[in-house]
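To start, the structure itself, in structure tokens.
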Amino acid sequence: MRSQAEAAALPSLTLASADVSVSAPFCGETARGAIYLAARYGLGVIVGVGNMLVMTWWIGPHAYGLFVTAVGIVAFLAILARGGIDTYLVRSEAPDSRLYGTATTLILAASIGLGLAAASATPLLIHWYGSREFVPPYLALLMAIPVSALTGIPMAKLERGLEFRRIAGIELAGQSLGLVVAASLAWLHAGVWAPVMGQIAWQVFTLIAAGVCAAIPFRVCLEMKHARPMLSYGVGLTASLRTWQLRTLVNPLIVGRFVGAEGVAYVALAIRLAEALGSFRLAAGRMAIAALARLQHRREEFRRALEQALYLQVVTLGPLLCAFALMGPYFVQHVIGVRWMPSLRIFPFAAAGVLVNSVYNLQASALFVVGKQWLVMRSYVVHVLLLVVTTCILLPRLGLIGYGWAELVACGAYCLIHSGLATTVPISYQRLRPWVAGFVAGLFLVPVGYALLRLN
């Protein structure tokens, strides 16, 4: 149950860990893997946007908000249940059936434990939201946590074998199946259960398909000589990446608390649109550590490669985001529906956050390469705290736009990433700065100009 923001985190390190350990003869396979991953993200965006359009048009903001509230919490727990164990499997020199069995046992135990804890917390969530509407879809999705978490094991084996073509095919097929199931049920007026069942169908198919392709029998065993290093490695990795993913809980927990399910839906749609337009940066981030790792001992080449990658990301992403800021009112009004227009108030803020993140996402990857992962974690902690605190302060006073300002304030935490990298590989923003400033200004000025033209 991965959102795009979640997909940007764990898979990037999982794949990178595999690639760093691969010797030169595999460069061709790695390059082809990059093509498959880029194609998967491109087609995945089309399917994801199609799914989003079907859900927003047919089930409406309230039902969609209930789904986002439930799946936002559950998706975080499903990723947490893996605990970095799938990444450990990718890095292992020669994993055998006992190692895979121990991994299965640990992930299954964590999944069941987290699921039961989350289910027992339902009364607290009911009190927090002041509503019971989210409970049935929430409990249904909790039951699928083991399915989603266990998928990491066969996927790890496929990534070890550089089977990127199969990975891309499985992920895209599962996503497409989820769309078909969700669209069919939405057409039958199933309401919130349409995306819920689509999500479950997606995860079940992905687990089965990955298990068949990887030829892994899911057996339960526990050998402490494997479990100890597995857990030790997973804790360190999880601390950093899961800290970043805590931001995905701000919308369902805090926005849902103050403005209800419809507010969650509006914010989710704005974020989804911005991240869909910037999804190619996920493929870039997924390959960045492997590419930079090969240059880490050649400092000048490392710096030039990073600066060029940052520049290409910004000049590619910026026009796409600004174009949607211009065409967004027409798109929302005629494709999604007038009732979704409040999302456009949040979009410039979400898009600016995605654009700024594209500058620092690759820098974070560079810090992982040079072994400064704890510095990245500190930046993520500050980012999440700024987002939470500012949302709690501004949302009750300014409404949905308060969350937008919180997104911009939270970007201040990226200065820790910049300062940390500057001590190792100082990079120049001279060429990058005017482009970022121009695109951010455009994101806010284009809607204002559009509104003024309509008034005239």
(message) Tell me if a side-chain donor or acceptor on R257 pairs with a main-chain N or O of W128 at a distance below 3.5 Å.
(response) yes
(request) Have a look at V264 and tell me which of V259, N251, L66 forms a side chain to side chain contact (heavy atoms under 4.5 Å, CB included) with it. (result) N251
(request) Please work out which of the three classes, parallel, tilted or perpendicular, describes the rings of W405 and F444, given edges at 30° and 60°. (result) parallel
(message) I want to check something: taking the side chain as every heavy atom from C-beta on, are C322 and L443 in contact at a cut-off of under 4.5 Å?
(response) yes
(message) Distance check, rounded to the nearest 0.5 Å: T151 atom OG1 versus I153 atom CD1?
(response) 9.0 Å
(request) Might you point out which heavy atoms bring L432 and Y311 nearest each other, and give the distance in Å? (result) CD1-CA, 3.6 Å
(request) Please check if the side chain of S358 supplies one atom and the backbone of L355 the other of a donor-acceptor pair under 3.5 Å. (result) yes
(message) Main chain of V359, side chain of Q363: is a donor-acceptor contact present, judged purely on distance under 3.5 Å?
(response) yes
(request) For residues G420 and L375, report the shortest heavy-atom separation together with the two atoms involved. (result) CA-CD1, 3.4 Å
(message) So, applying side chain to side chain contact (heavy atoms under 4.5 Å, CB included) with L387, which one of V389, T391, L385, T390 is it?
(response) T391
(message) For Y414 and N357, which I'm curious about, is there any donor-acceptor pair between the side chains at under 3.5 Å?
(response) yes
(message) Do I59 and V192 make a side-chain contact, defined as non-hydrogen atoms from C-beta onward lying under 4.5 Å apart?
(response) no
(message) For the CD1 atom of I346 and the CG atom of L273, what is their distance to the nearest 0.5 Å?
(response) 12.0 Å
(message) Can you confirm whether I254 sits close enough to Y403 that some side-chain heavy atom of one is under 4.5 Å from a side-chain heavy atom of the other?
(response) no
(message) Could you check whether any side-chain N or O of Y138 sits under 3.5 Å from a backbone N or O of A118, counting only pairs where one atom can act as donor and the other as acceptor?
(response) yes
(message) Any non-hydrogen side-chain atom of L269 less than 4.5 Å from a side-chain atom of V332?
(response) no
(request) For the pair R166 (side chain) and C213 (backbone), establish whether a donor and an acceptor sit closer than 3.5 Å, ignoring hydrogens and angles. (result) yes
(request) Please name the pair of heavy atoms, one in A149 and one in A78, separated by the smallest distance, quoted to 0.1 Å. (result) CB-O, 3.8 Å
(request) Apply the test side chain to side chain contact (heavy atoms under 4.5 Å, CB included) to residues F439 and L321: give CA-CA distance (whole Å), side-chain angles for both, the deciding distance (0.1 Å), then the verdict. (result) CA-CA 8 Å; F439 288 135; L321 296 171; over 6 Å; no
(request) Starting at CG of L395, measure out to CZ of F258 and round the result to the nearest 0.5 Å. (result) 6.5 Å
(request) Would you indicate whether the side-chain heavy atoms of S176 and W202 approach each other to under 4.5 Å? (result) no
(message) Can you tell me how far apart CZ (R82) and CE (M155) are? Round to the nearest 0.5 Å.
(response) 8.0 Å
(request) Kindly compute the distance separating CG (L177) from CD (Q203), expressed to the nearest 0.5 Å. (result) 11.0 Å
(message) Less than 4.0 angstrom from a charged side-chain N to a carboxylate O is my criterion; do R339 and E262 meet it?
(response) no
(message) Which heavy atom of A186 sits nearest to which heavy atom of W58, and what is that distance?
(response) CB-CE3, 3.6 Å
(message) Looking at A413, is its backbone amide N or carbonyl O close enough to the side chain of S379 to form a donor-acceptor pair, meaning the two atoms are under 3.5 Å apart?
(response) yes
(request) Report yes if the side chains of I170 and I167 come closer than 4.5 Å at any heavy-atom pair, otherwise no. (result) no
(message) Between Q333 and W340, is there a side-chain heavy-atom distance shorter than 4.5 Å?
(response) no
(message) So, taking the atom named OH in Y360 and the one named CG in L416, what distance separates them when rounded to the nearest 0.5 Å?
(response) 10.5 Å
(request) Search all heavy atoms of A182 against all heavy atoms of P195 and return the closest pair with its distance. (result) CB-CA, 4.2 Å
(request) Might you point out which heavy atoms bring A70 and P137 nearest each other, and give the distance in Å? (result) CB-C, 4.2 Å
(message) When you compare the side chain of S111 with that of L150, does any pair of heavy atoms fall below 4.5 Å?
(response) no
